[in-house]
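Every chain is numbered from 1 and lettered A, B, ... according to where its sequence line falls, protein lines coming before strand lines.
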There are 2 protein chains.
Amino acid sequence: MTEEKQDKKDHILEVAEKLFAELGYDGASTRLIAQEAAVNMAMLNYYFGGKEGLYFAIFQKHVSEQKLRLQNLNNEEISSFEKLEKCIDNYADKMMSNCAFQKIIYREMSLSQRSDINKKIISLISQNALEVKKIISEGINNGSFNPEADSDMLVASLFGTKSYLINAAEMSSLLIGEDVTDPDVIEKTVKPRLKNHMKKMFSAYLINHNGNKK
Amino acid sequence: MTEEKQDKKDHILEVAEKLFAELGYDGASTRLIAQEAAVNMAMLNYYFGGKEGLYFAIFQKHVSEQKLRLQNLNNEEISSFEKLEKCIDNYADKMMSNCAFQKIIYREMSLSQRSDINKKIISLISQNALEVKKIISEGINNGSFNPEADSDMLVASLFGTKSYLINAAEMSSLLIGEDVTDPDVIEKTVKPRLKNHMKKMFSAYLINHNGNKK
DNA sequence: ATTAATTAATCAATCGATTAATTAATTTTG
DNA sequence: CAAAATTAATTAATCGATTGATTAATTAAT
């Protein structure tokens with residue numbers, strides 16, 4: 001029964017995440033979430049203590065999942081650029097599985113409310129961002145990367161490009177000429193193009209930087 | 001009196017834009033907007049026909065303002081990269097004046113509601129995005145840009161980097177080590193670094209692309 | 001005198017949350 | 001092991017608060 005109960009909670013979390021991503025925090029009413037998850041509205045409060053608790057639980061889930069992943073990368077003995085390539089692949093690969101959550105995150109981050117949630121987001125995302133920054137800084141320090149490179153802006157470009165593709169999906173679709181919310185298109189078009197683009201561009205800027213005369 | 005009335009309407013629009021950016025559409029109640037703008041709540045409906053009308057009016061204002069600006073760029077007889085540099089400067093310079101509106105735009109674009117507003121946004125933003133894409137495509141076609149470059153992804157990187165800095169301001173502040181919502185910091189630090197970063201990176205990738213052996 | 005602008009009070013609708021009642025599951029006990 | 005007792009899970013109905021919008025009355029402008 002504990003397993004069934006957990007399945008039920010997980011199902012609610014899934015439905016809620018999808019609806020929060022589509023409609024926003026206020027737009028996704030508890031009534032709609034309960035209806036869509038086929039549970040009584042009072043169960044949301046019974047399980048999660050309220051709407052905010054449900055919202056929190058979604059973040060908790062992703063935090064714990066992420067902690068498992070984010071460990072044995074920076075230990076490997078490979079070049080700085082190979083590390084960076086792994087980061088690029090990693091974030092591009094999570095494109096589909098994390099799509100809804102990413103929408104929620106960036107939307108929440110752009111709001112000046114719920115500062116407790118905001119702090120949670122920062123501590124969650126900052127791990128990734130600071131890790132990437134560290135890799136770039138290392139590359140600069142050990143002389144393999146362009147010494148003029150701006151590690152902060154590079155992080156902004158890496159994360160910003162992906163978030164633009166996902167959060168501004170309608171614009172991206174217009175640009176690319178295909179529906180970038182279609183899983184097939186993401187897998188066969190967006191992912192490979194994003195990976196290739198980031199690697200080539202970063203490589204040209206960080207490694208083959210022989211055009212700077214000054 | 002018509003002038004006074006227009007000033008009043010403009011003032012309401014300013015206050016509303018700020019509050020919508022900070023708190024989101026649902027978070028900014030008409031009561032709060034009216035209070036903050038020091039007008040009676042009923043005036044919002046009297047002037048704009050309702051909350052949605054007020055929201056619409058903000059978009060209308062920016063659309064009409066933009067149409068004035070977006071004309072005599074692509075006519076100039078300068079190199080493709082110089083055009084691209086002008087675009088970079090242009091979007092970086094609008095960073096402060098457009099900050100609140102950009103938050104609203106990207107948040108709205110990531111939501112699956114208000115499709116009428118969404119279309120307005122797409123038609124507004126797509127002009128800029130497609131213009132940049134056109135410049136890059138031209139550069140590729142006339143042989144001055146890296147023929148392997150992905151114009152769509154480059155647009156995503158340009159717009160995505162800026163939107164990351166603004167919409168994920170708390171993350172950016174953590175990265176950079178300064179408060180990127182502070183106008184002084186934007187002017188003296190963020191703007192020049194963003195401009196320099198985008199120009200250098202695009203230059204390395206699009207022009208000095210001699211590291212590709214295949 | 002007529003229209004426009006502004007106000008305070010109020011409307012119905014929706015929201016998240018809670019209640020009390022009922023059913024299911026689990027534990028205790030004889 | 002089975003009946004009773006206790007706890008957990010689930011439901012429908014309802015609560016107060018807040019929302020956007022509207023009204024009727026008042027003031028200002030034409």
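Under 4.0 angstrom from either OP1 or OP2 of D:dA9 there lies no side-chain N or O belonging to A:Lys8. At the phosphate of D:dT10, OP1 or OP2 sits under 4.0 Å from a side-chain N or O atom of A:Tyr47. Between B:Asn40 and C:dT6 there is no side-chain N or O to OP1 or OP2 distance below 4.0 Å.
Taking the charged nitrogens against the carboxylate oxygens, A:Glu17 and A:Lys61 do have a contact shorter than 4.0 Å, which makes a salt bridge. Ion pairing between B:Lys83 and B:Glu138 holds under the 4.0 Å rule for side-chain N and carboxylate O.
Under a 3.5 Å cut-off, the side chain of A:Arg107 and the backbone N or O of A:Phe20 do form a donor-acceptor pair.
Computed from coordinates, the A:Met43 CE to C:dG16 P distance equals 17 Å when rounded to whole Å. One interatomic measurement links the two molecules: CG of B:Leu32 to C1' of D:dT19, which rounds to 13 Å at whole-angstrom precision. Rounded to an integer number of Å, the gap from B:Glu52 CD to D:dA21 P is 8 Å. As rounded to whole Å, 15 Å separates atom P of D:dG20 from atom CZ of B:Phe48. Between the C1' atom of C:dG16 and the CG atom of A:Leu44 lies a distance of 10 Å, rounded to the nearest Å. A straight line from CD1 of A:Ile33 to C1' of C:dT14 spans 15 Å, rounded to a whole angstrom. One can place CG of A:Asn45 at 13 Å from C1' of D:dT11, the figure rounded to the nearest angstrom. Atom-to-atom, OH of B:Tyr25 to P of C:dC15 comes out at 14 Å; the value is rounded to the nearest Å.
Of the candidates B:Phe56, B:Phe101, B:Tyr55, B:His62 forms a ring pair (Phe, Tyr, Trp, His ring centres under 6.0 Å) with just one, namely B:Phe101.
Looking at the side chain of A:Arg31, the nearest of the listed nucleotides C:dT10, C:dT18, C:dG16 is C:dG16. The side chain of B:Ala42 lies closest to C:dA8 when the candidates are D:dT11, D:dA21, C:dA8. Checked against D:dA9, C:dA4, C:dT19, the side chain of A:Tyr46 finds its nearest nucleotide in D:dA9. When distances run from any side-chain atom of A:Lys51 to the nucleotides D:dT10, C:dG16, C:dA9, the shortest one goes to C:dG16.
Pairing for D:dA12 goes to C:dT19, judged as Watson-Crick or G-U wobble with the two contacts each under 3.5 Å.
In this structure, B:Phe159 and A:Tyr164 have tilted ring planes: the angle between them lies in the 30° to 60° band.
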